[in-house]
Amino acid sequence: MEAQTENKKRKLDMLKICTHSGSFHADEALAVYLLRGLKKWTNSTLIRSRDPAKWEEADIVVDVGGKYDDVKFFDHHQREFSTTFSDKYQTKLSSAGLIFKKFGKEVIAEKLNWDLNEESTNINILYEKLYKDFIESVDANDNGVSNYENTNERKFNDKNFTLASVVSNLNPLWVDEPTDADFDKQFEKASEIMGQVFDNLLLSYGRSWLPAKQFVEKAFDERFQAHPSGKVLVFDRFIPWKEHLYGVEIANKCHGEILYVLFPDSGDNWRIAAVPVSSSSFESRKALPEPWRGLRDEKLSEAANVEGCVFIHAAGFIGGANSKEGVLKLAALAVDN
């Protein structure tokens, strides 16, 4: 009897998260996952309902309720809603953006086991980057904002390739006459998928991308040792360098000067990469010489007059040799070409 009473009390003490019932979307699936990722909400109960009485019972209401107060209600569907992540953005927030704006720094700190105060600088960097690189697209999708001015110019149909479509396709089929329980079951799958993507991105940024900056700064400081022009960087191991490089260049008032980056690959060879004009571009600041492109092995070594060449991509943005000395020679020739 005492055990039953204790279990009943524990259930009453559980925090309640409420979102709407029926068809679900990527934004509230992610919003609920973010909340559940916080220690405070770990053992919370999820309620999916459009009943105002259920909203009042809940401790937080997401993507339903018709209001946003930044305390309990986090809905974005009301006519007068215009909140963005900050003044730098124009995209109106969805429930995912609202929850991330409110709790994102706590989520980052807890998932990476960082102290909010001691790691505030790095947390702020990841807070901004995660929104810009991921959450904003969730907000835009739910608010019907296209990433292209003219959607008629698409070269292929990617509607079933996006996360939003993956989540949408998890909704039960109407021909099966689904119940609320069926929708609730599928929502849990959708929330887990969105959450795994977020977690993987956060871990990648926090444990890989962010620490890489110091290696880019070191290579930049030593760039004249790689080539007298200072236009070549050398890394002793592969790191995610592109975005950091642009930032380091700007900080040193020499944006656009680095042309090639050299690093060992996952095997025993070395790579030479032409620096793109932006982190998402396939256009290089200076592609590798045209006579080398598309060649491999001995033919490439003969054309470049460098021993141990492996390949140069037909587009000239990446190449390789079997030694560090080999890619250094390729880089020197490419800079002077």
Side-chain angles (χ1 to χ4, degrees), residues 9-21 24-49 54-65 67-76 83-86 93-139 142 163 167 184 187-210:
K9 182 178 182 300
R10 192 175 293 119
K11 288 182 179 180
L12 290 173
D13 290 340
M14 282 183 179
L15 293 173
K16 297 181 179 68
I17 301 172
C18 185
T19 188
H20 61 81
S21 56
F24 47 80
H25 304 96
D27 69 312
E28 77 267 20
L30 178 58
V32 169
Y33 185 90
L34 293 176
L35 285 172
R36 285 170 157 176
L38 292 171
K39 293 175 183 177
K40 176 181 177 180
W41 299 91
T42 299
N43 297 315
S44 59
T45 300
L46 177 64
I47 301 168
R48 300 187 70 244
S49 176
K54 295 294 184 182
W55 307 341
E56 293 304 318
E57 292 177 10
D59 296 282
I60 192 166
V61 182
V62 175
D63 207 42
V64 73
K67 58 183 175 180
Y68 165 57
D69 61 11
D70 199 35
V71 178
K72 176 177 178 176
F73 287 90
F74 292 81
D75 194 10
H76 66 107
T83 303
T84 62
F85 191 67
S86 71
L93 300 180
S94 67
S95 61
L98 287 173
I99 292 299
F100 185 75
K101 183 175 184 177
K102 176 72 172 182
F103 300 103
K105 292 180 182 180
E106 293 178 54
V107 170
I108 293 167
E110 289 193 15
K111 286 186 177 290
L112 294 178
N113 293 316
W114 287 356
D115 182 272
L116 266 172
N117 296 317
E118 293 180 3
E119 295 286 349
S120 61
T121 299
N122 286 335
I123 289 172
N124 286 334
I125 291 172
L126 294 184
Y127 181 65
E128 183 75 22
K129 186 169 178 60
L130 284 164
Y131 184 76
K132 180 180 179 181
D133 288 0
F134 181 47
I135 307 286
E136 185 181 18
S137 62
V138 180
D139 291 342
D142 199 71
L163 271 176
V167 168
D184 292 349
F187 176 83
E188 294 291 350
K189 294 179 181 179
S191 186
E192 187 65 25
I193 288 173
M194 292 299 297
Q196 286 180 0
V197 173
F198 175 85
D199 284 351
N200 288 338
L201 192 60
L202 171 57
L203 290 176
S204 175
Y205 284 168
R207 297 180 60 192
S208 174
W209 176 80
L210 197 58

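Because the structure is predicted, anything quoted here is derived from the model rather than measured. Residues: numbered from 1 along the sequence shown.
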If only atom types and distance count, is the side chain of [X] paired as donor or acceptor with the main-chain N or O of [Y] below 3.5 Å?
| X | Y | result |
| --- | --- | --- |
| Lys72 | Ala58 | yes |
| Lys101 | Thr84 | yes |
| Asp27 | Ser94 | no |
| Trp55 | Ser49 | yes |
| Glu119 | Ala109 | no |
| Lys54 | His20 | no |
| Ser191 | Glu188 | no |

Is there a side-chain contact between [X] and [Y], using heavy atoms and a 4.5 Å cut-off?
| X | Y | answer |
| --- | --- | --- |
| Asp133 | Tyr205 | yes |
| Phe85 | Leu93 | yes |
| Ile135 | Leu30 | yes |
| Leu112 | Leu203 | yes |
| Val138 | Phe198 | no |

Salt-bridge present (Glu28, Arg48; N to O < 4.0 Å):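 No, no charged N to carboxylate O under 4.0 Å.
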How far does [atom1] of [X] sit from [atom2] of [Y], to the nearest 0.5 angstrom?
| X | Y | atom1 | atom2 | answer |
| --- | --- | --- | --- | --- |
| Phe187 | His25 | CZ | NE2 | 11.5 Å |
| Leu130 | Ile108 | CG | CD1 | 5.0 Å |
| Asn200 | Phe134 | CG | CZ | 10.0 Å |
| Trp209 | Leu201 | CH2 | CG | 10.5 Å |
| Phe73 | Ser95 | CZ | OG | 14.5 Å |
| Asp59 | Thr45 | CG | OG1 | 9.5 Å |

Over all heavy atoms of both residues, which pair between [X] and [Y] is shortest? Give the atoms and the distance, please.
| X | Y | answer |
| --- | --- | --- |
| Thr19 | Leu46 | CG2-CD1, 4.3 Å |
| Lys102 | Glu106 | O-OE2, 4.5 Å |
| Asp115 | Asn117 | OD1-N, 2.9 Å |
| Val62 | Ala31 | CG1-CB, 3.7 Å |
| Lys105 | Leu116 | O-CD2, 3.7 Å |

With respect to Phe74, which candidate in Asp63, Ile60, Leu35 satisfies the side chain to side chain contact (heavy atoms under 4.5 Å, CB included) definition?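 Testing each of Asp63, Ile60, Leu35 against Phe74, the sole residue satisfying side chain to side chain contact (heavy atoms under 4.5 Å, CB included) is Ile60.
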Answer with yes or no whether the side chains of His76 and Asp142 bring together a donor and an acceptor at under 3.5 Å.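 Side chains of Asp142 and His76: pair found under 3.5 Å.
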